[in-house]
Amino acid sequence: MNRKAAPEKRKPSTRGGSLMRLRGLVRKEFLQIMRDPSSIAIAFLMPVSLLLLFGYGVSLDAEHVPVAIVVESPSRDTASFTGAFERSKYFDPEHYGAMRAAKQALRDHRVDGIVRLRSDFAQKLQSGATAPIQVILNGVDANTARLVAGYVEGVWTGWLSDRARQQGRTLEMPVEVDQRIWFNSEVRSRNFLVPGLIAVIMTLIGALLTAMVMAREWERGTMEALMVTPVTIREVILGKLIPYFVMGMGGLALSVVMALYLFEVPLRGSLWVLTAASALFLLVALGMGLLISITARTQFVAGQTAIIVTFLPAFLLSGFLFDIQSMPVVVQGITHAIAARYYVAILQTVFLAGDVFPVIWPNALALLVMAAFFLGVSRLKARKRLD
Amino acid sequence: MAEIPSETESDSTDAKETALILEKVSKSFTQGKRRIEALREVSLKAQKGRVTGLIGPDGAGKTTLMRLSACLLKADAGRIQVLDLNANRNPLKVQSTIGYMPQRFGLYEDLSVQENLDLYADLQGVPQDQRADRNAELMKMTQLGKFTDRLAGRLSGGMKQKLGLACTLIRSPELLILDEPTVGVDPVSRRELWTIVSRLVEEEGMSVLLSTAYLDEAEECDEVVLLHGGRVLGHGPPGDFRKEQKGRTYWVTTTDGARKRDIQEKLSRGEKVVDAVIQGGGVRLVMADSEKPDLEALLDEVGDSERKSVSPRFEDSYIAILKEEEPRPDKAPIQEPKAGQDDGGEGREEAEPVIQVDHIKRKFGDFYAVKDVAFDVGSGEVFGLLGANGAGKTTTFRMLCGLLPVSEGSLKVAGLDLRKAAAKARARIGYMSQKFSLYGNLSVMENLRFFSSAYGLHGKRRRNRIEWALEQFDLADRAEAESGEMPLGYKQRLALACALMHEPEILFLDEPTSGVDPMARREFWRHINGLARAGVTVLVTTHFMEEAEYCDRLAIMVAGEILALGAPREIKDRAAEKAERKIEDIEEAFIALIESQAEEEGDE
Amino acid sequence: MFRPILALMQKEFLALMKDKKSRFTIVIPPIVQLLVFGYAATYDLTYVPLAVYDEDRSAASRELIARFTGSPNFQEAARITRQDQIAPLIDRKEVLVLVHIHPRFTRNLLTGKTGKIQVIVDGRNSNTAMIALGYVRAIVTRFNLEWVETHGGPTPPARLETRAWYNPNLESRWFIVPGIVGLLTLVVTMLVTALSVAREREQGTFDQLLVTPMRPVEILLGKALPGFIIGAGEATVIILLTVFWFQVPLRGDLLLLYIGLFLFLMSAIGVGLMISSLSVTQQQGLLGAFMFLVPAIILSGFTTPIANMPTVVQKITLLNPLRYFMVVIRGVFLEDAPLHLYLRQFWPMAVIGIVCLALAGWLFRHRIN
């Protein structure tokens, strides 16, 4: 193609013309966005409301777990043990007289666990034999159950060392673990969930913003008129990309501000890394939407595709909730096709750890490749033709 | 692919006087499993500085030809040269050179008039310093100056069309391609468009290629290309086409007061009759030859009548050529075997009107789509609502069918307000909406099956009605075709068949002929005539003014109001009175009425 | 009355299934997604990359380390020798857990003092960090028990005997996979229903439908039943896969599961049709579907317990039909829960379904563009 060669007397497709056309397209898109509040709602209202809902709603930190406490023969020792439960912020203990009632409560979901001190508890304790404490948990939600088991253990060791101190001894274990949790020492799940949610939400928004725009122009017949002008397909794609990119960055900025000031997630890395990575990710999300839009051509199919390929994969396969390395190899391979995966890695690092470039670079590179892929394929698939 | 000869030297001579050359161009599409040949080895030349009209029935390949010329499609074989450019090699350059307005005008409806113009000025690279002048010029030409801030979606059909045209003219192109620019546009706007086009050709030497479904517009073209089934059937000045029919065309009026619909029906079944169509107060008759005896014999059957020879028009030749090309078996018109209705229709005519519309209004936001509309329709009457797109016809219809509540006023269909009446009452009406609302991805058969069941038909009756529909509307050979991919004419017939499955007493037809070619329109009206004879009350909207003559009575709607109401003759008389001149057809009457109203408003 | 409904159902099926692309999106992705998500969505960690920093290098430290590297949960990714190697390893996500054994570990152990080990965990995903720490603690506790047994020493006066009902090995897959059944069923019904009315409105066929003698109830049934059939069919396939492929035990009464499924489908279809009847364009329908789907899934207790949410958000989840179905499906699969527990879930779904369906039916005629 030697489009730019041979200066024409008619109308030059000079660079100036290209800029002018692009400006026209971008302005048109902005005007349409302004006239149609739904795009504005997608870009700004959706991140705010979803982040609010999820930021507060999604939490893995169990507190006030209802547990049934069954003390079969009360004594001072049992009282000191149950007292430790009552003081813990993790538990809302409820006393049951008999095991049967407690088990029924567990079946009915009124409690999540049972702690049972058998009738010989005090006696065994005094005699120096090891007194067993029976703990039954509802294991359906394995993750919560494990967490609760950890809390019970915490209460138990706390009680043991208190008791030892009262008796003037120290509790000595052969090996003791001194644990340090880096980057999130108070173990707030919000600190990692909120950055992850930003990635999920932006996947949705990016795809929703663009998934329909091309299909809509085809259906309304405006694309046909647009095509018979000097505009090139690159200009058409850029003309779609730029406005929605600006909108998306706006929504993203809003989300970051909320993360920092509302959810108090620390930002340990630099803002520019965050911005650059977000821009890159947004390009991928928009590119994916564009590609859906170009290949589908009808809004119905575009809509269906967008529902299927965006939300659930980003939610479940991005590693924001479930550890990718623990997935089977095949599934791990699939996660490489999920852009959110790279973005989640960058976000969690930039927010909580800092500018760790050995983590940021490879992920950013992956995003770059994906952006190039989606936009490149869009460019190839979009033709200035109807057939 | 055949070797395409170098375009540089050999074509330069041609290029001087031709705007568009097609040489053995073929194009086919796959639709599902079928392969459709849209164009077969089409060759044609369009002269520079002329208006070339593309005429032909649906599916003839007009739009394909235009899209090929605009490089929106790629030809399977053959060569297309636009001005001095090879379309295959330089699509972008071609697209930068020509102006193209697709069907539906391709406007951004959520942008204002000015914003649409600015967009296309940017896209066409019109330098900033020239814009103001060009803008002013276009505004003057299209008279859109007052509406620059209005959203394109809020414009009337005529204004949209002019805006669409203005957008393609923002950088004066050498070749202007217009795909059905006048569909859905009122007669006044149609005339204005033609004024603009002829000015462009005369003053700027622009070449124009346009397609149209209005055959009277073909007469205005310098040259006409008649397409059918992807082939060129004729090419030449419209006068050449007319010549063949010389001495075979007549205008027949009755003197004994018989309905002209009935005469037309009788005439059209006559041997050697090429075409019989209602025109003005009579029937236009085109014979296969100029032998008088045949004609005399035919007219004797009709009863007392007068005839006079008239000069042929393009439409006569068009029908003659197409009939030859595609002879359709003549079918007996629909006879609705409706118990108690066969002659009851006449008896009830004096009784209560079937449809009563009492000063209804409909508001959307603060905009009145319909303001103060009132009319009655008697049993067995064909009543027409005329007006351009956006005049409020469809809104009125939707209210009548109970799809939309009235804001004010009241209406009754068969004595009931369908919005409030029991569901069963709806079995008495049939409704055919604009755009022939069918389930596009279902086959013809599946659509018929669905609608017959939806109307509560079952068992033997359902089978019979489906059979009847397939046979009556010539759909049998397309029974398994996907309805969304059929030509418009087929869709229209299928939609009508679906609306008639349950043999309704009252039939609502919303723009049933919009975008449909003259042949299909004729056939359609034949069906309607048959229904009316069987006592079915028909309410129809149309923006084809000539179709008004088929109606017993009609109302002309403009901007949500009824401008005139009465039998076609009465309306013409009233218009003649206002315009103080003789008026013979409804289109003229419409224009005169609008002008006189505009004057009245001006006086106030 | 039934014939028109049947005809409408048939038409809906044809409209959905005739188009290859549409048929594909409804049938294939849910099953593929079940397989992928079923494997992906687990909180259990395998092969956690571990770094070892052993300053003691004794038999005891080696034995402890062997317990880590021999565990299926950990995989040794690095062995370091200097303090300053720690930070880069964790920063770069090369290891998640670092075990640091101090030089005097063995001496302390043998002299009856506590041998300290330091464990550093990458807390960027604090949930993963906590789980990994749980594994570490389990290994250390076991080591301690055995050490006391072989070398003697004080035993703690009380010990915990923890048991988990319903899911003794605490496999989170057992929790997640049945949840996916609900999730995918919801997605499929939304795909089928959320655009169905909107599409007909956009194409004008809905008017055509409204002028037939069909009553809104009949149209509603005709529109809802295909969703029902497709939803129930796909749910059945997914349930079968859950049982036979993922080997999740099915302990409860299948009848209860299907009553729950029926009510859940009713409520989901109700919401879908309501969204669809509210929208004039397909774009609005799609947007509506998203705005319902995303919160419905996240706030259903699918991955994060509802009990952890703030009270306000917990109140909002009462409107979410998926929340109730999650309890039913997990109840049937894992718990064989008592009947009244199901009843508490059944009636809210029924109410949501009836209200939404009624509203959708009313909107058919009263939604004015």
Side-chain angles (χ1 to χ4, degrees), chain A residues 53-54 56-60 62 107 125 130-146 149-150 156 160 172-184 187 189 192 212 299-301 303-304 308 311 316-317 321-323 326-328 331 334 348 352 356 358-359, chain C residues 21 25 29 36-37 39-41 43 45-46 91-93 109 114-116 118-121 123-129 133-134 140 143-144 147 155-167 170-172 175 191 199 282-283 286 295 298-299 303-305 308-310 313 330 334 338:
Chain A
L53 208 55
F54 302 162
Y56 286 115
V58 178
S59 162
L60 289 161
R107 276 192 203 101
L125 202 64
T130 307
I133 302 164
Q134 193 186 9
V135 179
I136 300 175
L137 298 172
N138 182 338
V140 169
D141 181 351
N143 193 49
T144 306
R146 200 173 282 132
W156 169 70
L160 279 182
E172 301 257 331
M173 294 286 210
V175 177
E176 203 166 83
V177 175
D178 167 26
Q179 63 185 44
R180 302 269 167 86
I181 298 168
W182 280 16
F183 311 130
N184 188 2
V187 201
S189 65
F192 81 91
M212 300 282 227
Q299 294 187 53
F300 187 70
V301 177
Q304 282 189 333
I308 285 172
F311 170 57
L316 297 174
L317 301 178
L321 208 51
F322 302 108
D323 185 54
S326 300
M327 298 174 187
V331 180
I334 296 173
Q348 286 182 352
L352 300 175
V356 185
V359 175
Chain C
K21 274 189 198 161
T25 39
V36 173
F37 298 159
Y39 282 113
Y43 288 114
L45 305 178
T46 47
D91 281 352
R92 293 174 189 179
K93 291 191 150 192
L109 259 184
T114 300
K116 285 234 158 126
Q118 189 186 37
V119 174
I120 299 175
V121 190
R124 268 171 273 192
N125 182 329
S126 61
N127 193 52
T128 309
L133 265 180
V140 170
F143 180 85
N144 280 347
W147 184 268
T155 51
R159 68 182 147 76
L160 292 173
E161 289 175 344
T162 306
R163 210 150 46 89
W165 274 11
Y166 311 128
N167 185 0
L170 291 181
E171 279 190 51
S172 63
F175 173 65
L191 278 182
R199 175 156 73 160
Q282 295 185 58
Q283 199 190 11
L286 177 72
I298 292 192
L299 303 180
T303 50
T304 62
N308 294 0
M309 299 170 189
V313 182
R330 284 172 180 152
L334 302 174

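Numbered from 1 within each chain, the chains take letters A, B, ... in sequence-line order.
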Do the side chains of Phe175(C) and Asn143(A) get nearer than 4.5 Å, heavy atoms only?
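Not in contact.
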
Do Thr304(C) and Phe54(A) have side chains that get closer than 4.5 Å, going by heavy atoms?
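Sidechains of Phe54(A) and Thr304(C): no contact.
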
Contact origin within [X] toward chain A - heavy atom pairs under 4.5 Å:
| X | result |
| --- | --- |
| Leu45(C) | both |
| Thr128(C) | side chain |
| Ile120(C) | both |
| Tyr39(C) | both |
| Arg159(C) | both |
| Pro310(C) | both |
| Val36(C) | both |
| Gln118(C) | both |

What are the two closest heavy atoms between [X] and [Y], and how far apart are they?
| X | Y | answer |
| --- | --- | --- |
| Val359(A) | Asp91(C) | CG2-O, 3.3 Å |
| Pro305(C) | Thr144(A) | CG-OG1, 3.2 Å |
| Ser189(A) | Ser126(C) | CA-OG, 3.3 Å |
| Leu316(A) | Ala40(C) | O-CB, 4.5 Å |
| Ala142(A) | Asn167(C) | CB-ND2, 3.8 Å |
| Tyr56(A) | Val313(C) | CB-CG2, 4.2 Å |

Chain C heavy atoms under 4.5 Å from Ile334(A): which part of the residue, side chain, backbone, both or neither?
side chain

Heavy-atom contact with chain C under 4.5 Å, split by part of Ile181(A)
both

Spatial distance of atom CZ (Arg124(C)) from atom CG (Leu352(A)) [nearest 0.5 Å]
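If I round to the nearest 0.5 Å, the distance is 8.0 Å.
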
At what distance, to the nearest 0.5 angstrom, does CG of Leu160(C) lie from CG of Leu160(A)?
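With rounding to 0.5 Å, CG (Leu160(C)) is 8.0 Å from CG (Leu160(A)).
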
Option in [options] with maximal non-hydrogen atom pairs under 4.5 Å from chain C:
| options | result |
| --- | --- |
| Gln179(A), Gln348(A), Gln134(A) | Gln179(A) |
| Ile136(A), Asn138(A), Val331(A), Leu321(A) | Ile136(A) |
| Val177(A), Val356(A), Val135(A) | Val135(A) |

Under a 3.5 Å distance rule, please check whether Arg146(A) uses its side chain to pair with a backbone N or O of Leu170(C) as donor and acceptor.
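Yes.
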
Would you sort out whether Asn125(C) and Asp323(A) count as a side-chain contact (heavy atoms from CB on, under 4.5 Å), showing the intermediate values?
CA-CA 9 Å; Asn125(C) 182 329; Asp323(A) 185 54; 6.0 Å; no

If you count heavy-atom pairs under 4.5 Å between each of [options] and chain A, which one has the most?
| options | value |
| --- | --- |
| Arg330(C), Lys93(C), Arg163(C) | Arg163(C) |
| Leu334(C), Leu286(C), Leu109(C) | Leu286(C) |
| Val140(C), Thr303(C), Leu191(C), Asn144(C) | Asn144(C) |

Please determine whether side-chain contact (heavy atoms from CB on, under 4.5 Å) holds for the pair Phe37(C) and Leu317(A), giving the CA-CA distance in whole Å, both sets of side-chain angles, and the decisive distance to 0.1 Å.
CA-CA 8 Å; Phe37(C) 298 159; Leu317(A) 301 178; 3.8 Å; yes

